[in-house]
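For clarity, every value in this text was computed on a predicted model and none was experimentally measured. Chain letters run A, B, ... following the sequence lines, proteins first, then strands; residues in each count from 1.
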Amino acid sequence: MLATAQRLRRRGEFAAAVRGGRRAARGVLVVHVKFPDPENSGRPARAGFVVPRTIGGAVVRNQVKRRLRQLVRERLGQLPTGTDVVVRALPAAARRGYRGLAADLDAALEAARRGKPAPR
RNA sequence: CGAGUCGACCGGGCGGCCGCGUCAGGGUCACGGCCCUGCCGAGGAACGUCCGGGCUCCACAGGGCAGGGUGGUUGUUAACGGCAACCCGGGGUGACCCGCGGGAAAGUGCCACAGAAAACAGACCGCCGCGCCGACGGCGCGGUAAGGGUGAAACGGCGGGGUAAGAGCCCACCAGCAUCCCGGGUGACCGGGAUGGCUCGGUAAACCCCACCUGGAGCAAGGCCAAGAGGGCUGUCGCCGCAAGGCGGUGGCCUGCGCAGGCGGUUGAGGGUUGCCCGCCCGAUGCCUGCGGGUAGGCCGCUAGAGCCUGCCGGCGACGGCAGGCCGAGAUGGAUGGCCGCCGCCUCCCGCGAGGGAGGUACAGGACCCGGCGUACAGGUCGACUCGUCCG
RNA sequence: GGGCCGCUAGCUCAACUGGCAGAGCAGGAGACUUUUAAUCUCCGGGUUCAGGGUUCGAGUCCCUGGCGGCCCA
């Protein structure tokens, strides 16, 4: 999974990442990526997750969140240190399998890295 | 063998690799942390939040009113609106099941339609008597409530006597009511007897009456530390912007601090008694108003408890007592995951068969803790009992 | 954690104290019109969220559950 130091834990951190980052949507996921300011480059890259209640009950939301944490953990090393990522799940994510989530995440991260605007 | 009733319980198992959270030990350190090892790490409902308690803070001389809750009895318990046993009523051939199950002869209200009449007596058709007209029919007065039809419900039922016709008007039996007595039971109540008037509608999950219970808030409770002199939320208007939003003006609310002004010294500003009144109490570093303008972070609370398991004893039972043993989550954008192998279980398909293949494996996750209730749930296990059929 | 609402025709809503579930729009048919629109007439359509209870009788009262929404901390 993902260690505590590698997760966003404050409302302010989420707001900064969503507002100051690039947005890219692919499949059932929306990612916001905020590349590091020079003073932040010392700490590790961090990630946070937004799984709204429209997805399902607590069990379903936890399952989606755990799968996303596992997926992000495998990819966080590829990002520059100090980067903040917020992954937001759409309601269809509950029925998307693990591999489907992986494909969507890779595509969305790649789109955000290229800096292209997300197609709507 | 078939059909069924009740109760108790399980909620996949083993293994590999990569990971997560708390704690403990060790190591390292630039004292922020990092690394290694080990222990532990979601449920029977953790859920819904329908009740009850523990815990914490606030309040509390006392009395009255109001409000809320409960509603057969006796127990059980920390407590309960839960549970157990029993009573009563209803259902079932039965095992068993269901019941907000006090009071309608305290009072008020309501009882649509139909029907003559719907709660207190009265009388539409009818029956009977008398009188009148007079074409065996009608009109008027009186008696009556057996019969008719309506309705969910029509002023006890049946038989006999009685009568002009009838009627508890009288009598016997039955049902029911009230009072009293005897017996049984802690009690709800049950069994029996005597007397009485002959009879009384339903609805309290309508108001109400009676009995009993009932302070308020909730771990965002509450406490400590740090930081700073403000902040948070919001209405509206203008400008910028595609938008999200940003900036500014002007109001409102909440709260800590600073400043200013005012009020106030027992003849007392103001406050408490968290619905109101009487009454009582507190009260001077206090209270009110205006202006200015912060934080929202950490730690404790925080998990050993009405705890769990086993055995014995008491009790019909809920439950209680004793002894021994055990430690079983404490997160805070919130820890149990990802990938894979084998075996279970269920369904379907292929096959004569051994077997093979495909799919599925529920309901659902702590957030202070506990006792209940209610609800969801793939599949399965055990025990006790009932009815029917057949055999002995 | 605490508190409060709603669920009725395809849609938006009524139904006073319990007494035959009803409007507007929408839909269908017809009339008027050269046709359409508008207008007029007629018609169909409901397990009143579900289950249970009280009552002679429940959309209404009571209990349990489901779904949706709102407020406060």
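A straight line from CZ of A:R73 to P of B:rG21 spans 11 Å, rounded to a whole angstrom. One can place NZ of A:K65 at 13 Å from P of B:rG365, the figure rounded to the nearest angstrom. In this structure, the CG atom of A:N62 is 13 Å from the C1' atom of B:rA367, given to the nearest Å. B:rG333 atom C1' lies 16 Å from atom CD of A:Q6, rounded to whole Å. Straight-line distance from the CZ atom of A:R61 to the P atom of B:rA42: 21 Å, rounded to whole Å.
In this structure, B:rC363 and B:rG43 make a Watson-Crick or G-U wobble pair, each of the two defining distances being under 3.5 angstrom. When both distances must be under 3.5 Å, the Watson-Crick or G-U wobble mate of B:rU22 does not exist. Across all strands shown, B:rC6 is found opposite B:rG383 as a Watson-Crick or G-U wobble partner, with both distances under 3.5 Å. Taking a pair to require two hydrogen-bonding distances under 3.5 Å in either a Watson-Crick or a G-U wobble arrangement, B:rA269 remains unpaired. Pairing of B:rU336, defined by two Watson-Crick or G-U wobble distances under 3.5 Å, is not identified with any nucleotide. Base pairing of B:rC110: its partner is B:rG202, meeting the Watson-Crick or G-U wobble criterion (both donor-acceptor distances under 3.5 Å). Pairing for B:rC130 is with B:rG140, a Watson-Crick or G-U wobble pair whose two hydrogen-bonding atom distances lie under 3.5 Å.
Pairing each heavy atom of A:A111 with each of A:R26, the nearest pair is CB-NH2, 3.3 Å. For the pair A:A24 and A:A108, the tightest heavy-atom approach, listed with the atom from each and the gap, is CB-O, 3.5 Å.
Straight-line distance between the P atoms of B:rG7 and B:rG99: roughly 13 Å, to the nearest whole Å. Taking the P atoms as reference points, C:rC5 lies 25 Å from B:rA204, given to the whole Å. For the P atoms, the distance linking B:rA145 with B:rA123 amounts to 12 Å, nearest Å.
Within the model, atoms CZ of A:R61 and CZ of A:R66 stand 11.5 Å from one another, a figure rounded to the nearest 0.5 Å. Rounding to the nearest 0.5 Å gives a distance of 11.0 Å between CG of A:L109 and CG of A:D104. To the nearest 0.5 Å, atoms CD (A:Q70) and CG (A:L101) are separated by 12.0 Å.
In this structure the side chain of A:Q6 never reaches within 4.5 angstrom of the side chain of A:V72, judged on heavy atoms.
Nearest to the side chain of A:R69, among B:rG333, B:rC18, B:rG334, sits B:rG334.
Under the 4.5 Å side-chain heavy-atom criterion for grouping Ile, Leu, Val, Met, Phe, Trp and Tyr, A:L68 is not connected to A:V59 through any hydrophobic cluster. Clustering ILVMFWY residues whenever any of their side-chain heavy atoms sit less than 4.5 angstrom apart, transitively, puts A:V31 in a cluster other than the one holding A:L90.
Residue A:V50 is in base contact, counting any heavy-atom pair closer than 4.0 Å across all strands shown.
Classification of B:rG32 as syn follows from a glycosidic angle within 90° of 0.
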Using the 3.5 Å cut-off, write out each protein N or O paired with an N or O of nucleotides 338-341 of chain B and the distance between them.
| from | atom 1 | to | atom 2 | distance (Å) |
| --- | --- | --- | --- | --- |
| B:rG338 | O2' | A:Y98 | OH | 3.1 |
| B:rC340 | OP1 | A:R99 | NH2 | 3.0 |

**Asked** Pairs counted as Watson-Crick or G-U wobble with both distances under 3.5 Å: what dot-bracket string results for RNA chain C, using | for bases tied to another strand?
**Response** (((((((..((((.....[..)))).(((((.......))))).....(((((..]....)))))))))))).
